[in-house]
Number of protein chains: 2
Amino acid sequence: MRWEDLDQQPCSLARTLAVVGDRWTLLILRDCFLGVRRFDAFEQRLGVTRHVLTDRLKKLVSYGVLYKSPYQERPLREEYRLSEKGLELHPVILGLVGWGDKHMSDERGAPIIHIHKSCGQEMHATTHCSVCGKAITAKDIKVEVATSWQGHLDEFLPSKSR
Amino acid sequence: MRWEDLDQQPCSLARTLAVVGDRWTLLILRDCFLGVRRFDAFEQRLGVTRHVLTDRLKKLVSYGVLYKSPYQERPLREEYRLSEKGLELHPVILGLVGWGDKHMSDERGAPIIHIHKSCGQEMHATTHCSVCGKAITAKDIKVEVATSWQGHLDEFLPSKSR
DNA sequence: AAATATAGGTTCCTTTTTAGAACTTGTCAA
DNA sequence: TTGACAAGTTCTAAAAAGGAACCTATATTT
């Protein structure tokens, strides 16, 4: 498999990485969730080269994660904003942040905290079953080929998980 | 910022990406969660070059996400297994898969389904507040600098989110 | 009027990563 | 004795990223 063919793989993880799996892309999205919208603001905050930044923003717009919105005319200036599709990446960001808070923090602990507006408390994200609502861990889940894909994915699942 | 300095940033997202943010790393971890453990199995399934695979596995072991476990002696052969720390990346995988299922699927739908062993149902992951247990979206969360970092992160949060 | 600033890029050249193939090492089986 | 196997390492070529300078349209300052 070549990296550029990722979005045609029969795997939702691979297809998502086709959108957000390049270097810097998830850091750009982190800044979007913090309210950053303009090219030069991303550039200064990330220290990424303009060439890479142009490429990543273009890709995110082409996949519909961000959209360009004019904030002045003459000369036309546009900023980058999260679409509904982009906002739905928030659980991914929270997952990565949560793991880093727990496993990569130094003695000062997590730099940023998340307040749940509705309960007012400092929280972190937990992952739950959409059906029964219970919290889950990796060992609570079994994986299967969807019926619509049976016969087309024979070699994808290694025998251990079948 | 240089990509190699990611693990020293005052940001848990950046620090997590120092571990899992390189090309192919999250696909390697996907396979680990499917039960793949051996060098040649990763190589065949991913089509990644041996050079890159060696580098990524070494990095994951050095960060304690995977550990090497001998499965035969003479000649010594070792396989790569998820540590407890690695298993805790499952919410990140589920988040990426869930987004791909929703936004990147073709007409056949999601290739892989997840069964919650305890309730027996086909589920997807939802994200909740660890304090009150309610399901959350991006707009339910407010971000603040942790007290232990105040004064050291003045420029990190753009004014919009403060 | 001329020079400078600004936002959002593009161009050019160098360095780092990745791709692709061949080679290595220790052991076992034919 | 030859070949296979697992898990790499080494080599060269191609692609991506880093770094600096340049471009464009407009607005402001000198």
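Not measured: the values here are computed from a predicted model. Residue numbers begin at 1 in each chain, while the letters A, B, ... track the order of the sequences.
Residue pairs meeting the ring pair (Phe, Tyr, Trp, His ring centres under 6.0 Å) criterion with at least one member in residues 102-138 of chain B, sequence neighbours excluded: A:H128-B:H128, B:W99-B:H103. Among pairs with a residue in residues 49-94 of chain A, those fulfilling ring pair (Phe, Tyr, Trp, His ring centres under 6.0 Å) read A:F33-A:H90, at least two apart in sequence or across chains.
Listed by chain and residue number, A:R2 satisfy the salt bridge (charged side-chain N to carboxylate O under 4.0 Å, His left out) test with A:D5 (two or more places apart in sequence, or in another chain). Taking B:E73 as the reference, nothing meets the side chain to side chain contact (heavy atoms under 4.5 Å, CB included) condition, with sequence neighbours excluded. Residues passing the salt bridge (charged side-chain N to carboxylate O under 4.0 Å, His left out) test with A:D22 are A:K59, sequence neighbours excluded. In this structure B:K68 satisfies the salt bridge (charged side-chain N to carboxylate O under 4.0 Å, His left out) test together with B:E78, sequence neighbours excluded. Listed by chain and residue number, B:E88 satisfy the salt bridge (charged side-chain N to carboxylate O under 4.0 Å, His left out) test with A:K102 (two or more places apart in sequence, or in another chain). For B:E107, the side chain to side chain contact (heavy atoms under 4.5 Å, CB included) criterion is met by no residue, not counting sequence neighbours.
Across the protein-nucleic acid pair, A:D55 atom CG and D:dA17 atom P stand 7 Å apart, rounded to whole Å. Rounded to whole Å, atom P of D:dA17 lies 11 Å from atom CG of B:D22. Atom NE2 of B:H51 is separated from atom C1' of D:dT10 by 10 Å (rounded to the nearest Å). If you take CD of A:E43 and P of D:dA20, they are 12 Å apart, rounded to a whole angstrom. Distance A:L46 CG to D:dG19 P: 14 Å, rounded to the nearest Å. As a whole-Å value, the separation of B:E79 CD from D:dA7 P is 8 Å. Note: CD (A:Q72) to C1' (C:dA7) measures 8 Å, nearest angstrom. For B:M1 and D:dG18, the CE to P distance is 10 Å, given to the nearest whole Å.
Geometrically, B:R45 engages A:F156 in a cation-pi contact defined by less than 6.0 Å to the ring centre and at most 45° from the axis.
Using a 4.5 Å cut-off between side-chain heavy atoms of Ile, Leu, Val, Met, Phe, Trp and Tyr, A:V131 falls into a hydrophobic cluster with A:I136, A:I141, B:L94, B:M123.
Phosphate proximity of C:dA7 to A:Y80: absent, as no side-chain N or O sits under 4.0 Å from OP1 or OP2.
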Polar atoms only, N or O, under 3.5 Å: list the protein pairs with nucleotides 14-17 of chain C and their distances.
none

Please write out the pairs of protein N or O atoms and N or O atoms of nucleotides 2-6 of chain D separated by less than 3.5 Å, giving the distance to one decimal.
{"residue": "D:dA6", "atom": "OP2", "partner": "B:D40", "partner atom": "OD2", "Å": "3.4"}
{"residue": "D:dA6", "atom": "O4'", "partner": "B:R77", "partner atom": "NE", "Å": "3.1"}
{"residue": "D:dA6", "atom": "O3'", "partner": "B:Y71", "partner atom": "OH", "Å": "2.9"}
{"residue": "D:dA6", "atom": "N3", "partner": "B:R77", "partner atom": "NH2", "Å": "2.8"}

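At least one donor-acceptor pair closer than 3.5 Å links the side chain of A:S83 to the backbone N or O of A:G64.
Over its length, the helix from C:dA1-D:dT30 to C:dA30-D:dT1 turns its helix axis by 20°, as judged from the five terminal pairs at each end, rounded to 10°.
If A:W3 and A:L57 are placed on DNA chain C by their nearest nucleotide, the residue sitting closer to the 5' end is A:L57.
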